[in-house]
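Numbers here simply count residues along the sequence, with the first being 1.
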Amino acid sequence: MRINFTQSRARLEEASRIVTDLEKLLKEQEDLISATQAAASQAKESKVLLELAKLSIDRFKDATQESVRIETLRKYGFQNVASVYNSSALALEKIPGITLIAAQSLKALADQMYQAVAQSISYGIDIDDLTGADTDLIENLQGLDYLRAATKNQTSKMKPIAQTIRNSLTNTQPLNSRLRWLFTGSEKKERALNALQEISFSMGEPSTIAVVAAARLGLNALEKRSAAPVEEFKTRSSDYYAILEEVTNVRPNTAANRHFNQDLLDKIESQELDTSTIKATLRQYQTFGGKFALTQGRVIIGDEMGLGKTLQAISAIAHRNLSGATRFLVVCPASVITNWMREVDARSELPIIKIHGEDHKTSLQLWIESSGIGITTYDTLKSFEITVEQIAALGVDTVIVDEAHYIKNISTGRTRTIQKWLDRSPHVIFLTGTPLENRVEEFVALATLLDSKMGDDLSRVALAAGPESFRRAVAPIYLRRNTEEVLQELPELIEVVEYCTWEGVDEQNYIDAVASGNFMAMRRAAFTPKPDMLPSKLERLIELVEESFESGQKVIVFSYFRSVIEQVMHALGERAIGPITGSVSSTQRQNIVDQFQNSSAPLALVGQIQAAGTGLNIQAASVVILCEPQIKPSLEVQAIARAHRMGQVRKVQVHRLILPDSVDEHMFAILARKQNQFDQYARDSDLANSATDAKGVSEESMAKVIVMDERRRLGITNTNEYISLAEDEN
């Protein structure tokens with residue numbers, strides 16, 4: 001056989017370079033993972049030791065059935081578990097009365113208690129108080145993040161390819177020179193030629209070409225890493241924490257899934273979720289959410305705000321796309337359509353068509369012809385001139401309905417329109433972080449849209465039996481996780497009540513509002529100034545903003561009322577950005593948020609709580625100011641969650657401005673009671689305010705009680721019981 005040794009050597013040299021690059025990339029990844037694990041362990045150690053220091057030496061009695069000489073240990077300075085953990089068995093043996101076996105037993109117990117505490121506490125990076133271990137950890141996480149982004153998570157495919165080529169190369173030595181070839185036996189020559197053929201075949205495989213290109217991109221990315229990893233962490237902490245969770249093998253929180261039976265859990269866990277086209281590292285609970293949607297087919301993901309429901313839905317349809325599905329539909333409120341466009345574009349490789357605006361008919365036709373993800377709004381969907389037969393012919397694989405509580409009323413045209421699409425799509429994902437308000441029947445209505453049989457089975461009986469019973473009944477279609485269950489690294493939320501005064505407030509305006517039964521005017525009155533004076537609330541708000549700016553913190557200011565928003569904007573001047581109100585388009589809203597997030601100088605984002613309190617991610621802010629109490633607990637919870645959510649790296653301070661001896665105090669007290677009731681049911685069952693309504697509390701009745709109480713307190717004898725809840729300025 002005639003052999004072209006020049007071509008063979010060139011092919012083998014290229015194969016050697018490929019193996020070298022693949023192995024180098026894998027070694028870089030292995031080193032980064034090991035360094036990350038070590039840095040995380042070191043960073044967490046001080047926190048664990050602090051907890052062990054709080055455990056009295058007496059705890060050893062509870063940890064073993066063997067006798068422990070507690071008083072002897074205490075006499076020699078061992079006051080807590082940490083002191084024993086930091087000691088050695090040899091040092092403990094030197095204590096009179098403690099044998100080597102007893103010392104070894106004590107040390108083993110202390111080690112076990114260390115591990116138990118380490119498993120029970122979370123590790124979070126305090127960005128304002130970084131340790132050396134924190135910085136090392138961030139640098140290693142940055143490296144892993146760069147590597148994974150460049151390689152598109154293809155490193156798992158690299159090792160088998162590298163091993164195959166490396167093994168083949170060991171059999172190609174005779175091809176290195178003509179002379180060596182002459183003195184090689186026929187059997188080894190045959191092995192060498194076979195190995196060369198295998199190498200050529202492997203190198204020509206499209207999958208190998210893609211993986212090698214990814215490895216070289218990864219090595220190049222590591223060389224060009226940013227010199228400011230801490231700054232990158234501030235803006236991308238959610239991705240960094242996801243990687244940390246994965247490489248340190250943190251177990252998922254099973255408490256969040258306690259309502260699933262074991263068969264269902266096993267089914268979900270065994271479901272594959274292909275995230276190769278997702279430009280993010282999913283948290284374990286997000287992976288579970290994506291698998292849940294794929295396993296069950298038609299579901300409600302009702303995670304608390306800030307937990308990445310959008311990414312879970314995107315991951316599910318990305319998997320469906322890799323399985324052959326080509327057409328998907330997202331329906332959402334107009335206020336978040338821009339956010340959806342950006343999220344799908346930033347987190348996936350899926351094609352997007354926006355079907356909204358003046359040219360929506362053209363966009364609809366394009367989507368019909370080319371498939372992809374069509375993103376539209378509830379109102380635009382109603383204007384689609386398309387029959388149910390045409391809907392069926394489109395073969396939409398998955399319909400995602402964001403803010404699904406918008407369709408909880410089955411009798412509305414909006415719900416009837418969307419039902420046509422739901423009935424003709426095999427997969428449906430409802431997303432709602434907003435608790436389902438008012439009545440259990442409204443939750444049942446959503447369940448019925450997904451699964452008519454389950455909707456028929458659900459009833460008030462389940463609610464009457466308690467939240468646990470209800471959760472178990474709806475578990476096959478409903479998944480809800482709370483922030484504290486799955487984001488244990490999230491910084492502290494500090495809530496402060498700012499009691500202001502009547503100084504600078506036109507009290508007569510408030511009295512007139514009480515007398516006339518104008519509830520909304522009563523709520524706004526604290527911002528009605530006396531001539532040439534600043535109301536106390538506005539003065540305190542300015543002080544809080546200035547204090548925040550001095551410490552480099554950005555601020556969000558929320559109010560229900562446009563007149564208050566206007567006053568705040570005027571008072572803050574150039575320090576304020578916005579406002580975001582109900583009349584601001586989704587594109588404008590996102591532009592305002594982008595300017596706020598990207599500003600190097602502290603700013604105050606001002607917005608109506610109904611408009612700016614939902615659908616936006618504003619983690620750049622670490623101070624939230626609420627100008628007045630809200631009627632619904634969910635409004636405040638949503639607003640705070642704009643800042644206190646995944647990706648937040650600083651403690652979030654919430655300041656509630658309260659005017660004593662006014663409607664504020666009444667509302668604040670009622671709000672606290674409603675929140676307690678809400679916690680009992682809604683945080684576990686997503687049936688917000690159902691317990692509240694069961695007790696007969698409504699906005700109208702609450703307003704009436706407050707007005708009557710205020711009339712009695714102020715000595716107003718007006719017997720007119722008419723109460724106005726008109727929102728004339730909104």
Report task. Verify side chain to side chain donor-acceptor pair (under 3.5 Å) between S563 and E566, making sure each step is shown before the conclusion. Result -> CA-CA 5 Å; S563 60; E566 290 166 4; over 6 Å; no
Query raised in the report: Which pair of non-hydrogen atoms, one from G582 and one from R562, has the smallest distance, and what is that distance?
Result: N-NH2, 3.9 Å
Report summary line: All heavy atoms of Q567 vs all of P529, minimum pair found to be NE2-CD, 4.2 Å
Query raised in the report: R283 versus L311: any side-chain heavy-atom pair under 4.5 Å?
Result: no
Query raised in the report: What closest approach, in Å, do V497 and F668 show between heavy atoms, and which atom pair accounts for it?
Result: CG2-CZ, 3.5 Å
Query raised in the report: Q590 and T587: side-chain donor and acceptor closer than 3.5 Å?
Result: no
Requested in this report: Report yes or no: do E710 and Y510 form a side-chain donor-acceptor pair below 3.5 Å?
Outcome: yes
Query raised in the report: Roughly how far, to the nearest 0.5 Å, is CD1 of I631 from CE of M667?
Result: 5.0 Å
Query - Any side-chain donor near an acceptor of the partner, T131 and D134, under 3.5 Å - result: yes
Query raised in the report: Does a side-chain N-to-carboxylate-O contact under 4.0 Å join D664 and K537?
Result: yes
**Report entry** Approximate separation, where rounding is to 0.5 Å, of T281 OG1 and L141 CG
**Finding:** 10.0 Å
Query raised in the report: Does the distance from a Lys or Arg side-chain N to an Asp or Glu carboxylate O, for D303 and R481, drop under 4.0 Å?
Result: yes
Query - Over-ring placement of R523 relative to Y560, 6.0 Å and 45° cut-offs - result: yes
**Report entry** Between CG on residue D506 and CG on residue D512, distance to nearest 0.5 Å
**Finding:** 8.0 Å
Report summary line: The ring pair (Phe, Tyr, Trp, His ring centres under 6.0 Å) partners of F527 (sequence neighbours excluded) come to none
Requested in this report: Could you walk me through whether I625 and I556 pass side-chain contact (heavy atoms from CB on, under 4.5 Å), step by step?
Outcome: CA-CA 6 Å; I625 300 174; I556 311 175; over 6 Å; no
Query raised in the report: Between S536 (side chain) and T501 (backbone), is there a donor-acceptor pair under 3.5 Å?
Result: yes
Query raised in the report: Which heavy atom in S226 sits nearest to a heavy atom in E232, and how many Å separate them?
Result: CB-OE2, 3.0 Å
Query raised in the report: After noting the C-alpha distance and the side-chain angles of V545 and L572, does the key distance pass the side-chain contact (heavy atoms from CB on, under 4.5 Å) rule?
Result: CA-CA 9 Å; V545 170; L572 295 179; 4.1 Å; yes
Query raised in the report: Just wondering, do I592 and I577 contact through their side chains at under 4.5 Å, heavy atoms?
Result: yes
Query raised in the report: Is there a side-chain contact between L657 and L626, using heavy atoms and a 4.5 Å cut-off?
Result: no
**Report entry** Side chain proximity check, I375 to M341, heavy atoms < 4.5 angstrom
**Finding:** yes
Query raised in the report: Do you know the tightest heavy-atom contact between E665 and Y499?
Result: OE2-CE2, 4.1 Å
Requested in this report: With R656 as reference, evaluate E636, Q630, E498, E628 under the side chain to side chain donor-acceptor pair (under 3.5 Å) test and give the passing residue.
Outcome: E636
**Report entry** Donor-acceptor side-chain pairing of Q553 and S622 below 3.5 angstrom
**Finding:** yes
Query raised in the report: Are the charged groups of D709 and K704 less than 4.0 angstrom apart, N to O?
Result: no
Requested in this report: Answer whether the closest heavy-atom distance between the side chains of M533 and E503 falls below 4.5 Å.
Outcome: yes
Query - Min side-chain heavy-atom separation Y241-I125 under 4.5 Å - result: yes
Requested in this report: Given side-chain contact (heavy atoms from CB on, under 4.5 Å), test L479 with I300 step by step and report yes or no.
Outcome: CA-CA 6 Å; L479 179 65; I300 303 172; over 6 Å; no
Requested in this report: Could you check whether the rings of Y240 and F233 sit parallel, tilted or perpendicular, using 30° and 60° as the cut-offs?
Outcome: tilted
Query raised in the report: For the residue pair A404 and T432, what are the closest heavy atoms and their distance?
Result: N-CB, 4.1 Å
Query raised in the report: Do R713 side-chain atoms and D661 backbone N/O form a donor-acceptor pair below 3.5 Å?
Result: yes
Query - Selection residues 541-550 - residue pairs positive for salt bridge (Lys or Arg N to Asp or Glu O under 4.0 Å), sequence neighbours left out - result: R540-E543, R540-E547, E546-R575
Query raised in the report: For K234, does its backbone N or O pair with a side-chain atom of S237 as donor and acceptor, under 3.5 Å?
Result: no
Query raised in the report: Going through the distances and angles, do I407 and T412 end up as a side-chain contact (heavy atoms from CB on, under 4.5 Å)?
Result: CA-CA 8 Å; I407 57 169; T412 62; 6.0 Å; no
Query raised in the report: Roughly how far, to the nearest 0.5 Å, is the OG atom of S585 from the CD1 atom of I580?
Result: 10.5 Å
Query raised in the report: If you round to the nearest 0.5 Å, how far is CD of E403 from NZ of K408?
Result: 11.0 Å
Query raised in the report: Hey, does V623 have a side-chain heavy atom less than 4.5 Å from the side chain of V652?
Result: no
**Report entry** Heavy-atom side-chain contact between T377 and W340 under 4.5 Å
**Finding:** no
Query raised in the report: Roughly how far, to the nearest 0.5 Å, is OG of S599 from CG of D594?
Result: 12.0 Å
Requested in this report: For the pair K554 (side chain) and Q597 (backbone), establish whether a donor and an acceptor sit closer than 3.5 Å, ignoring hydrogens and angles.
Outcome: yes
Report task. Identify whether the distance between the nearest side-chain nitrogen and carboxylate oxygen of D239 and R347 falls below 4.0 Å. Result -> yes
